[in-house]
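Take a look at the structure set out below.
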Protein chains: 2
Amino acid sequence: MKQRGNTDRKPAATIYDIARHLGLSPSTVSRALNKPGRINAKTEQRVREVAAELNYRINPMARALPTGRTNTLGLILTDITNPVYFPLVRGAERITAGAGHTLVLAESQESGTLEAETARRLLPSIDGLVLVASRLDDEQIRELAEVKPLVLVNRAVESLPAVVPDVLPGIRDALDHLASLGHASLAFLSGPSASWMSRLRWETLLDEAPARGMTIVEIGPGAPTLDGGEQGLRRVRASGVTAVVAYNDLMAIGLLRACRAAGVEVPSSLSIVGFDDIFGSDFTSPPITTIRTPLDLAGEEAVHQVFAALGDDDVPAPRRVSAQFVERASTAAPAR
Amino acid sequence: MKQRGNTDRKPAATIYDIARHLGLSPSTVSRALNKPGRINAKTEQRVREVAAELNYRINPMARALPTGRTNTLGLILTDITNPVYFPLVRGAERITAGAGHTLVLAESQESGTLEAETARRLLPSIDGLVLVASRLDDEQIRELAEVKPLVLVNRAVESLPAVVPDVLPGIRDALDHLASLGHASLAFLSGPSASWMSRLRWETLLDEAPARGMTIVEIGPGAPTLDGGEQGLRRVRASGVTAVVAYNDLMAIGLLRACRAAGVEVPSSLSIVGFDDIFGSDFTSPPITTIRTPLDLAGEEAVHQVFAALGDDDVPAPRRVSAQFVERASTAAPAR
DNA sequence: GTCCTGTTGGCAATCGGTTGCCGACCTCCG
DNA sequence: CGGAGGTCGGCAACCGATTGCCAACAGGAC
């Protein structure tokens, strides 16, 4: 029953095998391997040798049972294939693997229900959880946080650790840039209504644009995808604005494509600014002007904070991550 | 010792808690939950109710210990952030999650050593492994396959299950296309020397191009990245060819960028064909003509095959995946 | 009433580690 | 030489499930 399929697998070596080889007890082997110094140095050496010889690998499940530590972290995001998250995933993976832990990825497909279910499924087998752009409400997130350490990314909930890039610097520079080009009326092409980050960006724009003498309207909500961006063009044109800030680069690129298909010149007839600086946003034509969010750092930082909550030492001091304006070619002075 | 960090966590409910609530033994609870019909229907019902009430979640580790099944699959690829793999990861995730299993992702960063180490680290906690574009040698792969069921993607090893898209149809159509445009001398911008898929593509081109009366040279090896593509331009120009087939779209895009920077017109002075049809390859300018590899299907298929090797029933019959030529705008008749 | 069979549930071993506690032995010191 | 203290290693309980085996009991056939 232990092996299925057609091929017979060889069972992995256990500490019992090592113990038998050396005439020791399993507890001694366990200590030799995990508590350096607790055991006579020569014995410890012999244990290590036999372990290597037998190609011994500790069984993480067996260890997890008594210790409660699985050495595994969970990362849940809305959409694994969204290019926005590639750097984040890589950053998180780097730190996790660097600490000898394993990262489990899962996606919620933009659904709060699915997200909750996934989280509950993962929870028993992980030490901590990173929730990116969670679609859950505050209450649900709090409940999860009661079970295991939890760190949010692109979302804030009172009194819970979160990594939220500071959007203000990037937005300020972007608006200064648009203002200096002579734009007076803007639109924000917003993302999903459940997106906390979309609201944050909108609220910030709502503060900052009028302060520069520009009008701004919200168009949306829309799906945070190429398609969502394309859908937006009709309302953008109807609104009469000369520049659009899209919730993210995917929507910006979608909008750009729709413009091309509709014969709207970018940037001469319409300026477009995206968010995040995803892979590919610099090889559209024109390349997208965007507000870069360093999500690779956010991913690293989130994992560091989980480790910190787990009580690990040598976790570096929290690092601020903030958005940065990147001027490319999708913005220009409006035609009069 | 069980809880760390500042917040106290509430311990998860176990089958012992349920048993105590009902005055039953844990074994009965276990059976009620997993062997429908083995237990009196009313008892089973009561167990389910209390389980729901206590918000019971099975502890996967505890289950894995006696059964040897972890309900987890591993997926190792060379580079998590390579857009080529996004669809593959999503496909694999879909099937895995659909079967109620968990997928663990890891990357080898193009290093065979790291790949071997990662595989060994993962192995004890997974039921099966998918290796994408493995940099390991055949012998190492065989050893891993002896421990747990293993399925390869974009790589073949005698007698091991593998999902390898059939490149021939795509390459044939691409070469017919180039030949009909009047190209007579081609280059293949090859990927890493450890890449089995790069060699397969090259070998196929080497068969098919001369058969159409075209010459072909290999330029490389190079890194399978934007950068690798950019590096290639110097040798491409020196070779005097009129068209280049790049190992993948990333390199094709890199080459395209280098062309633009160097003032080489694409497609009029140089035609470029990529591979894989990654996200972004249709919004370069010009959009990249490419040979699409349906890696989403490959991901699904690989996971299906792991399940099959695990002895699961209702695994669909293997599906052939094959590459397909996609004509866009980076190819045209050569200037004479 | 006896025997057989089927249903239902419990006992206890097991998976592979971890760890508190104890005891044997050695060393060192007064 | 006796005792204190330290080092080293083993015993056994425990983590949370699963499962083979058995016992108790019910119902049906004869």
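Naming convention: chains lettered A, B, ... in sequence-line order (proteins, then strands); numbering from 1 in each chain.
If you take CG on B:L75 and CD1 on B:I126, they are separated by 10.0 Å, rounding to the nearest 0.5 Å. Summarising the geometry, atom NE2 belonging to B:H304 is positioned 9.0 Å from atom OG1 belonging to B:T96; distances are rounded to the nearest 0.5 Å.
Phosphate contact (OP1/OP2 of C:dG9, side-chain N/O of B:T28, threshold under 4.0 Å): absent. Distances shown here put every side-chain N or O of B:Y16 at or beyond 4.0 Å from the OP1 or OP2 atom of D:dC14. OP1 or OP2 of D:dG16 has not a single side-chain nitrogen or oxygen of B:T14 nearer than 4.0 Å.
Residues of residues 29-45 of chain A having a heavy atom closer than 4.0 Å to DNA chain D, listed by number: A:R31, A:R38, A:I39, A:N40, A:T43.
Using a distance-only test at 3.5 Å, with no hydrogens or angles considered, no donor-acceptor pair links the side chain of B:S134 to the main chain of B:L131. Side chain of A:R135 to backbone of A:S111: no donor-acceptor contact under 3.5 angstrom is found. Here the side chain of A:T78 pairs no donor or acceptor atom with the backbone of A:S108 at under 3.5 angstrom. Between the side chain of A:S30 and the main chain of A:P26, no donor-acceptor pair closer than 3.5 Å is present.
For the pair B:I15 CD1 and C:dG10 P, the interatomic distance rounds to 12 Å; values are reported in whole Å. As a whole-Å value, the separation of A:N59 CG from C:dT14 C1' is 14 Å. If you take CG of B:D17 and P of D:dA17, they are 9 Å apart, rounded to a whole angstrom. Computed from coordinates, the B:L22 CG to C:dG10 P distance equals 10 Å when rounded to whole Å. In this structure, A:L54 places its CG atom 12 Å from P of C:dG17, rounding to the nearest Å. The CD1 atom of A:I18 sits 14 Å away from the P atom of D:dG10 (whole-angstrom rounding). The separation between B:L24 atom CG and C:dT8 atom P is 14 Å, rounded to whole Å. The nearest whole Å value for the distance from the CG atom in B:N71 to the C1' atom in D:dT18 is 14 Å.
Looking at heavy atoms from C-beta onward, A:D127 lies in side-chain contact with A:L73 at the 4.5 angstrom threshold. Put simply, the side chain of B:M197 reaches to within 4.5 Å of the side chain of B:P165, judged on heavy atoms.
When the ring-ring contact (aromatic ring centres under 6.0 Å, His included) test is applied to A:Y85, no partner is found at least two apart in sequence or on another chain.
Distance from the side chain of B:T67 is smallest for D:dT19 among the nucleotides C:dG17, C:dT18, D:dT19. With D:dA17, D:dG16, C:dG17 as the candidates, the nucleotide lying closest to the side chain of A:R63 is C:dG17.
Comparing the local axis fitted to the first five base pairs of the helix from C:dG1-D:dC30 to C:dG30-D:dC1 with the one fitted to its last five gives a bend of 50°, rounded to 10°.
Among the atoms of the strands shown, base atoms are found under 4.0 Å from some heavy atom of B:S27.
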